[in-house]
Structure formats: structure tokens, C-alpha cells
Amino acid sequence: MIQRRPLPFALASFAILLVLAAPILSLRLGSADAGTDGKGTTTREAYDLLAKGFWRGFQRPHVAGREAALEP
């Protein structure tokens with residue numbers, strides 16, 4: 001039966017895969033930092049002081065780059 005009409009079965013299979021994979025679109029990767037702690041906790045106060053002194057996003061990764069010299 002599948003060999004006689006492969007396209008409808010392929011489309012149905014693809015639709016099922018899309019439905020099963022849909023939750024991946026709302027997936028958030030990463031770890032929480034002290035900015036998610038409750039107001040008034042010492043860790044949150046320390047985070048807020050650091051953010052105020054070093055601006056928001058001070059805990060983001062720092063990326064350094066360098067141009068590579070190409071040899072002939």
C-alpha cells in the first residue's frame with residue numbers, strides 16, 4: 001500500500017515529525033544567574049550592584065578575536 005502511494009505517507013510522516021518537534025522552538029538553553037533570584041536576597045543585591053557598576057549584561061561571555069596572517 002505504501003509503495004503504491006508513497007507521497008501521501010511521506011507527507012503524513014513529515015507532518016507527524018513537525019508536530020513532535022514543535023516544542024523545540026520554545027526551548028531555552030543556558031543557566032540562570034543571580035538576576036533571577038528574588039528581590040531582597042543577598043545574591044540578587046550583589047548582582048544588582050555589579051550590574052549597576054559594570055552595566056547590564058556584565059556576565060555575558062567575552063569574545064576575543066585576532067586576524068590570522070595568511071602565508072603565501
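Computation of the quantities below employed the complete heavy-atom set of this structure, encompassing side-chain atoms and omitting hydrogens, waters and symmetry-equivalent molecules.
- In this structure, Ala21 and Ile24 approach most closely via the heavy-atom pair O-CG2, 2.9 Å.
- Heavy atoms from other residues, nucleotides or ligands lying under 6.0 Å from CG of Leu20 number more than 12.
- Remark: the backbone N or O of Phe9 is paired with a side-chain donor or acceptor of Ser13 at under 3.5 angstrom.
- Taking OG1 of Thr36 as the start and OH of Tyr47 as the end, the distance is 8.5 Å to the nearest 0.5 Å.
- Remark: Asp48 engages Arg44 in a salt bridge, criterion side-chain N to carboxylate O under 4.0 Å.
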